[in-house]
Amino acid sequence: MAKELWKGNEAIAEAAIRAGCRCYFGYPITPQSEIPEYMSLHMPKVGGVFLQSESEIAAINMVYGASGAGARVMTSSSSPGVSLKQEGISYMCGAELPGVIVNVMRGGPGLGTIQPAQGDYFQATRGGGNGDYRLIVFAPANIQEVVDLMQEAFELADQYRMPVMMLLDGMIGQMMEPIEWKKPPVSPDDLPEKPWATTGTKEGRAPNIINSLFIDPEACNVHNKRLEEKYRRVIESEQRYETNDTDGAEVIFVAYGTPARLARAAAGLLEKEGIKAGVFRPVTVWPYPYEALHEVSLQDSVKAIVTVEMSTGQMVDDVRIGVNGVKPVSFIGQAGGVIPTPREVANAALKALGR
Amino acid sequence: MAIVYRRSKGLTDVETHYCPGCTHGIIHRLVAETLEELGVLGKTIGVAPVGCSVFAYDYFNCDMQEAAHGRAPAVATGIKRVLPDKVVFTYQGDGDLAAIGTGEITHAAMRGENITTIFVNNAIYGMTGGQMAPTTLVGQRATTAPLGRDKSHAGSPIRIAEMLATLDGAAYIERVTVTSPANVMKAKRAIKKAFELQLEGRGFTMIEVLSTCPTNWGLTPVKALEWLNENMIPVFPLGVYKDITKKEA
Ligand SMILES: Cc1ncc(C[n+]2csc(CCOP(=O)(O)OP(=O)(O)O)c2C)c(N)n1
Ligand code: SF4
Ligand SMILES: [Mg+2]
């Protein structure tokens with residue numbers, strides 16, 4: 001199929017529609033507003049629901065209601081707006097509702113900046129809302145990967161009955177790249193049955209109840225243990241990652257999203273200087289591919305692991321867990337919308353190697 | 001022997017947890033009877049709030065969703081947009097609707113969201129033990145207003161029915177109470193009208209029901225009814241605040 005030039009935010013919206021999503025609720029915020037704009041034009045054309053909500057809090061609660069009513073549904077926002085969604089995300093996890101949440105990250109804290117950043121990693125992977133819960137979090141590094149993952153995001157959300165987050169930095173949302181639509185579009189009529197959904201009893205079955213309240217401590221404990229068991233299955237089955245030139249590398253960069261691209265450019269610079277460098281790129285940042293990273297780190301050739309982020313160091317915690325002390329882990333990052341240059345990243349590797 | 005009274009089909013066989021004399025129970029019954037009489041129990045999705053009526057999902061005999069505190073109108077919006085042919089209602093207290101959830105209820109009304117809201121105003125946060133609500137009367141004691149609500153410090157009660165009636169999207173808004181058999185009948189008629197208008201697709205409907213909280217008011221059930229009549233009704237006058245069907249008459 002011919003390649004088409006797409007902007008990241010518009011591509012993710014189109015990919016959602018092609019994944020059978022017919023329901024979108026959101027609120028404007030830079031750098032993701034092209035998503036609601038695209039949805040407002042295209043959802044009605046396919047008979048879907050688009051609604052601009054009064055806040056991100058309302059949007060995620062509309063997602064809760066629509067998901068509970070059986071719809072394949074999504075919302076999108078950027079960092080400050082995703083903060084407001086945390087309550088609803090926690091409730092969705094508690095009530096075991098599927099749904100896709102897109103975060104096109106900008107600089108923080110607070111109002112921060114509208115430029116690309118990765119400061120919401122802890123919020124996405126550690127749970128920004130209350131309680132013991134997890135999200136499957138995809139962190140694509142280019143627009144082709146964004147559209148390829150979107151269908152899977154909805155499918156996993158349905159399969160595990162939990163929200164899935166697409167964690168993009170603003171760069172991926174704003175840039176344009178040639179992409180291919182590889183998967184055939186999914187018809188909303190072909191989605192899996194949701195017998196638990198509140199679609200009306202037709203007075204033929206007992207009422208369905210969507211709920212996250214378990215007032216009795218024993219019942220709440222059982223509920224949490226059941227969620228834990230589900231998350232364990234996700235950890236076992238859904239880790240995704242990519243490696244580039246890590247075999248026999250002296251230094252390994254670990255990065256997700258845009259910094260993974262910078263890391264590859266830095267590896268190219270080092271190659272010219274006679275140093276073999278590779279890139280380990282988690283595609284899911286939860287569940288984190290700890291074992292795969294550990295394996296790569298164990299190689300005799302590897303002298304240093306360098307984490308690259310557009311933050312002051314968040315994913316580096318997971319890198320340390322994965323590497324687990326077998327090799328030194330260092331960090332290079334810029335935050336608040338400043339993007340590290342490949343030269344800076346390469347220099348960080350040289351420093352880590354003691355050169 | 002003829003049966004003159006039975007449990008409404010709209011209620012499950014579960015014993016409620018409401019305190020003796022609490023009028024939440026009567027209001028549940030009125031909603032349940034209405035859904036049964038309209039023959040819509042099988043196509044209704046209710047949304048329960050956070051508050052004393054949080055367990056409403058166990059009591060109404062239809063599909064239910066439990067919403068976060070104040071968010072019921074947004075949850076109901078999500079449901080209704082996906083299932084426009086179903087009947088969708090929220091059941092919310094005054095803390096839920098008039099404090100933390102003012103944004104959600106206002107915008108649901110503004111959009112003319114075709115849902116029905118049952119707004120149970122008892123001038124107090126019942127569930128959490130009697131703290132001041134935005135609807136607490138000036139001078140009324142609450143656990144966070146131990147000397148009574150002081151207007152200069154905490155303002156005066158918010159009148160939601162009047163406020164929402166200013167919005168074009170609101171189709172029907174009435175304030176009722178359940179302190180006497182006559183008032184209960186009136187409340188029933190109001191609730192039924194609201195659901196009928198929803199079935200006709202007329203837009204947002206809300207029935208505000210002045211309700212008692214004997215436990216946190218520190219009154220017997222009977223005294224609580226009297227206190228409501230004497231003190232709440234003057235601040236929250238009963239009546240129809242919006243009725244789009246009137247314009248056509
Ligand atoms: C986000 C959040 N804040 C606070 C609470 C605690 N809380 C539970 S019920 C309630 C007040 C309920 O009062 P109201 O809506 O008037 O209902 P009532 O119990 O009086 O019927 C509060 C503050 C909560 N559950 N969630
Ligand atoms: S605390 Fe008040 S509102 Fe709650 S059940 Fe008891 S009487 Fe009713
Ligand atoms: Mg109350």
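Throughout, a chain's letter reflects where its sequence line sits, starting with A, and its residues are numbered from 1. Nothing here was measured: the structure is a model prediction, and the numbers come from that model.
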Need one label for B:V40: side chain, backbone, both or neither, based on atoms under 4.5 Å from any heavy atom in chain A. neither
Shortest non-hydrogen contact from B:E66 to A:Y64? O-OH, 2.5 Å
Counting only heavy atoms not in A:K183, do more than 12 sit closer than 6.0 Å to its NZ atom? yes
Determine whether A:N61 and B:T77 satisfy the following criterion, side-chain contact (heavy atoms from CB on, under 4.5 Å), listing intermediate values before the conclusion. CA-CA 9 Å; A:N61 284 286; B:T77 297; over 6 Å; no
Interchain contact, A:I60 with chain B, by part (heavy-atom threshold 4.5 Å): neither
Report the C-alpha separation of A:E54 and B:M110 in whole Å, then their side-chain angles, then the decisive distance to 0.1 Å, and conclude whether the side-chain contact (heavy atoms from CB on, under 4.5 Å) test is met. CA-CA 10 Å; A:E54 63 271 29; B:M110 180 206 77; over 6 Å; no
More than 12 heavy atoms from other groups under 6.0 Å of CD on A:E193: no
Picking from A:I210, A:T198, A:N211, what satisfies side chain to side chain contact (heavy atoms under 4.5 Å, CB included) with B:Y57? A:N211
Would you call B:K9-A:E203 a salt bridge at under 4.0 Å N-O? no
Heavy-atom proximity to chain B below 4.5 Å, by part of A:Y91: side chain
At a 4.5 Å cut-off on heavy atoms, which part of A:A197 comes close to chain B: side chain, backbone, both, or neither? backbone
Got more than 12 heavy atoms from elsewhere within 6.0 Å of OH, A:Y38? yes
Under 4.5 Å, counting heavy-atom pairs only, tell me which of B:I79, B:V75, B:T106, B:D63 racks up the most with chain A. B:D63
Rounded to the nearest 0.5 Å, what separation is found between the CZ atom of B:R71 and the OG atom of A:S55? 7.0 Å
Closest heavy-atom contact between A:P207 and B:C62? CB-O, 3.2 Å
Part of B:A68 lying under 4.5 Å from any heavy atom of chain A: both
Options B:K43, B:K80, B:E104, ranked by heavy-atom pairs under 4.5 Å with chain A, top entry: B:E104
B:I45 versus chain A, heavy atoms under 4.5 Å apart: side chain, backbone, both or neither? side chain
Greater than 12 external heavy atoms within 6.0 Å of A:N221's CG: yes
Region of A:R22 in contact with chain B, defined by heavy-atom distances below 4.5 Å: neither
Search all heavy atoms of B:A74 against all heavy atoms of A:A58 and return the closest pair with its distance. CB-O, 3.6 Å
